[in-house]
Amino acid sequence: MPLIAGIDIGNATTEVALAQDGRFVASGIVATTGMKGTRDNIAGVISSLQQALEKTSWSLQDVAKICINEAAPVIGDVAMETITETIITESTMIGHNPQTPGGVGVGMGTTIAVEKLALLSNDRFAQGWIPLVGAEMDFLEAVWLINEALDRGVNVVAAILKKDDGVLVNNRLRRTMPVIDEVTLLEKVPQGVQAAVEVAATGQVVRVLSNPYGIATFFALTPEETQTIVPIARALIGNRSAVVLKTPKGDVRSRVIPAGKIFISGEKRGGEADVAQGAQAIMQAMNACAPVRDIRGEAGTHAGGMLERVRKVMASLSGHDMNSVHIQDLLAVDTFIPRKVQGGIAGEYSMENAVGIAAMVKSDRLQMQAIASELSERLNTSVEVGGVEANMAVAGALTTPGCAAPLAILDLGAGSTDAAIINSDGTVRAVHLAGAGNMVSLLIKTELGLSDPFLAEEIKKYPLAKVESLFSIRHENGAVEFFREPLSPSVFAKVVYLKAGELIPVDNQTSLEKIRLVRRQAKEKVFVTNCLRALRQVSLGGSIRDISFVVLVGGSSLDFEIPQMITDALAHYGVVAGQGNIRGTEGPRNAVATGLVLAGETEK
């Protein structure tokens with residue numbers, strides 16, 4: 001008997017449901033090829049279909065009909081960016097925070113090559129000196145030179161080292177002083193300039209050099225100069241050690257790239273929002289203009305550049321003119337982004353306020369029809385564009401045991417959050433919103449300053465732990481787990497994530513508590529915000545309290561935290577929410593593909 005296949009092309013995965021005469025026989029899932037809603041998806045569609053068929057005795061020739069979803073793309077790599085007002089300051093101040101400082105205290109003096117200490121006369125009560133120790137010098141030689149100078153009465157108040165020898169040097173000095181090491185660009189530190197070095201006690205953080213007025217006091221800065229060193233002070237907040245020095249140039253240049261405004265065109269009214277006012281102002285403007293027809297950014301600004309890149313990428317992929325590409329939804333989220341402090345000697349960063357934005361391009365049924373036609377020619381079978389994702393997801397969700405209309409569904413994917421509600425008479429209201437799993441990964445990557453997108457994705461999906469000894473770890477919930485065999489030395493004293501029983505180290509200096517906080521806040525900002533926004537739009541009365549039951553479907557609803565977050569948020573409105581179990585076998589996945597099959601069977 002002929003088969004019918006429902007294929008859901010998502011931002012991250014392509015899912016298949018196979019059925020024969022109303023009986024589901026197999027499912028398949030592969031990574032989506034190319035950007036959702038483009039011709040590149042065809043390879044993934046065929047691959048997922050073949051994967052499902054391999055679980056049966058049938059072949060491609062037995063598939064009589066294929067139904068694909070009407071896919072609306074969310075441009076992940078281009079649309080989801082952080083927009084901030086960037087201030088680039090070529091400051092005469094530089095700061096540093098090594099991981100292994102030595103000593104304790106604050107030292108203020110003049111920089112000098114350590115070899116030149118021998119040339120200084122006895123000046124016990126004169127200015128302080130801060131020797132610079134290069135990589136070519138052994139730490140024992142550097143210690144001898146500093147101690148010899150101290151014995152002669154030279155006022156050595158601190159030391160700056162290029163190599164990781166801070167503790168070794170400090171343990172051998174005759175006087176306790178702050179010792180900074182790991183200054184990778186030591187050759188750029190000029191001699192004969194004023195410098196301040198601070199090392200806090202173990203468990204403490206610097207207080208003087210993380211305070212703009214503390215720096216101003218040391219260097220006798222004017223109010224105007226104090227303003228320019230704020231990025232340095234911010235970069236050193238929370239650090240155990242710091243060094244700040246002032247070069248003789250004294251020139252300061254700054255360049256401002258404004259965040260810009262976003263202009264929203266709705267079906268009934270238009271509006272605008274200034275990105276500098278934050279995500280809340282943007283989302284208020286979005287809600288006031290709903291339903292939205294198009295969104296544009298101010299020319300010559302971060303916002304304008306980002307939204308125009310969205311149009312350009314989509315136009316090149318679809319073959320349309322840029323002016324015919326419309327952005328139908330946008331999610332804005334407040335976040336932080338690390339900005340490099342200009343003039344830094346070891347890659348120092350300052351965290352700036354920013355706004356993360358996910359933009360969704362309006363779905364193009366003609367584009368999906370072109371994909372269906374090409375797929376039909378390649379497979380020599382009938383291929384149809386089955387319907388809007390949210391409507392199909394409702395049909396699929398109703399196959400969850402114990403479910404019946406009326407109910408609402410939340411389809412949590414990688415690029416978009418869909419919501420739909422079906423009434424007792426079968427009427428469906430649906431909405432398709434930008435922002436989901438990919439947006440969460442972006443926020444994690446941005447706020448933790450990660451260079452590897454894969455690591456951000458892993459941190460999003462798996463729980464954390466801290467390796468406390470070779471035989472024990474402490475999970476992020478506080479529970480301690482012991483092991484019979486010693487753990488690998490490569491994970492000792494590190495933060496790890498637990499994947500399939502394996503401990504994988506997180507190559508980042510951030511604490512477990514900070515990583516967990518960033519991860520949970522990112523999920524709340526994106527998923528909880530979008531779910532509440534979506535349910536308000538599909539509710540007949542415009543209130544979430546009008547909805548009694550919500551079923552969570554989609555790949556992101558498999559997350560170990562997101563379902564509980566959404567269930568907790570909806571409990572405040574008296575709504576019962578939980579994960580779906582499509583067809584009683586698939587869990588929350590395969591809802592759209594199942595709905596496409598059911599819709600195709602109904603047409604037949």
Side-chain angles (χ1 to χ4, degrees), residues 5-17 27-49 51-52 66-77 79-80 314 317 328-329 331 358-365 367-368 371-372 375 385-397 409-420 430-442 457 460-461 526-527 530 534 552-559 562 579-580 582 586-597 599:
I7 302 181
D8 172 23
I9 304 170
N11 283 281
T13 60
T14 298
E15 301 177 2
V16 173
S27 300
I29 179 172
V30 301
T32 296
T33 53
M35 185 174 292
K36 177 180 178 180
T38 64
R39 290 181 63 257
D40 293 338
N41 300 155
I42 293 175
V45 169
I46 296 174
S47 177
S48 60
L49 185 58
Q51 184 193 85
I66 298 174
C67 298
I68 63 175
N69 58 319
E70 187 175 324
V74 174
I75 303 182
D77 293 339
M80 285 180 284
M314 202 59 223
L317 291 171
Q328 72 172 21
D329 188 56
L331 173 68
M360 176 184 290
V361 178
K362 189 173 183 179
S363 66
D364 186 350
R365 190 175 177 88
Q367 179 72 9
M368 293 307 300
I371 295 172
L375 191 60
V385 180
V388 178
E389 289 181 50
N391 298 45
M392 298 299 101
V394 167
I409 65 103
L410 285 169
D411 187 358
L412 313 178
S416 62
T417 300
D418 303 338
V431 67
H432 197 51
L433 302 180
N438 290 347
M439 182 69 163
V440 172
S441 299
L442 171 89
E457 186 75 15
K460 177 185 74 175
K461 294 192 294 187
V526 175
F527 281 108
N530 248 1
L552 305 179
V553 299
S556 291
S557 61
L558 289 168
D559 185 273
I562 292 171
Q579 280 183 330
I582 310 306
E586 304 297 316
R589 283 199 177 276
N590 212 261
V592 174
T594 298
L596 288 165
V597 169

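Given the structure is predicted, the values throughout are model-derived calculations rather than measurements. Reckoned from all heavy atoms, side chains included, excluding hydrogens, waters and symmetry mates.
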Kindly compute the distance separating OG1 (Thr417) from CG (Asp329), expressed to the nearest 0.5 Å.
9.5 Å
Closest approach of Leu558 to Pro588 (non-hydrogen atoms, all atoms of both residues)
CD2-CG, 3.3 Å
If only atom types and distance count, is the side chain of Glu15 paired as donor or acceptor with the main-chain N or O of Asn590 below 3.5 Å?
yes
Find out whether Thr32 and Ile9 are in side-chain contact, i.e. whether some heavy atom of one side chain is under 4.5 Å from a heavy atom of the other.
yes
Whether the side chain of Asn69 engages the backbone of Val592 through a donor-acceptor N/O pair (distance < 3.5 Å, no angle test) should be reported.
no
Taking the side chain as every heavy atom from C-beta outward, state whether Gln51 and Val16 have any pair of such atoms under 4.5 Å apart.
no
Check: Val45 main-chain N/O paired with Thr14 side-chain donor or acceptor under 3.5 Å:
no
Correct closest heavy-atom pair for Val526 and Met439 would be CG2-CG, 3.5 Å
Could you measure the distance from the CG atom of Asp418 to the NE2 atom of His432? Nearest 0.5 Å is fine.
4.5 Å
In short, Asp411 meets Gly554 closest at the heavy-atom pair OD1-CA, 3.4 Å
Below 4.5 Å, heavy atoms only, C-beta onward: do Lys36 and Ser416 meet side chain to side chain?
yes
For Thr33 and Asp40, indicate whether the former's side chain and the latter's backbone hold a donor-acceptor pair under 3.5 Å.
yes
Nearest atoms (heavy-atom pairs only) where Asn530 meets Gly435:
ND2-O, 2.8 Å
For residues Leu410 and Ala534, report the shortest heavy-atom separation together with the two atoms involved.
CD2-CB, 4.4 Å
On a heavy-atom basis, the closest approach of Val394 and Ala420 is CG2-CB, 3.2 Å
Can you measure from CG (Leu375) to CD1 (Ile7) and round to the nearest 0.5 angstrom?
6.5 Å
Are any non-hydrogen side-chain atoms of Ile66 and Leu49 less than 4.5 angstrom apart?
yes
Kindly indicate whether the side chain of Leu331, heavy atoms from C-beta on, has any atom under 4.5 Å from the side chain of Leu433.
no
Do Glu70 and Met392 have side chains that get closer than 4.5 Å, going by heavy atoms?
no
Is there a side-chain contact between Ile371 and Ile42 in this structure, where contact means two heavy atoms from C-beta onward sitting under 4.5 Å apart?
yes
Test Thr13 against every option in Asp8, Ile29, Val30 by the side chain to side chain contact (heavy atoms under 4.5 Å, CB included) rule and name the one that passes.
Ile29
Any donor-acceptor N/O pair, Ser48 side chain to Gly28 backbone, under 3.5 Å:
no
Hey, what do you get for CD (Gln579) to OG (Ser557), rounding to the nearest 0.5 Å?
5.5 Å
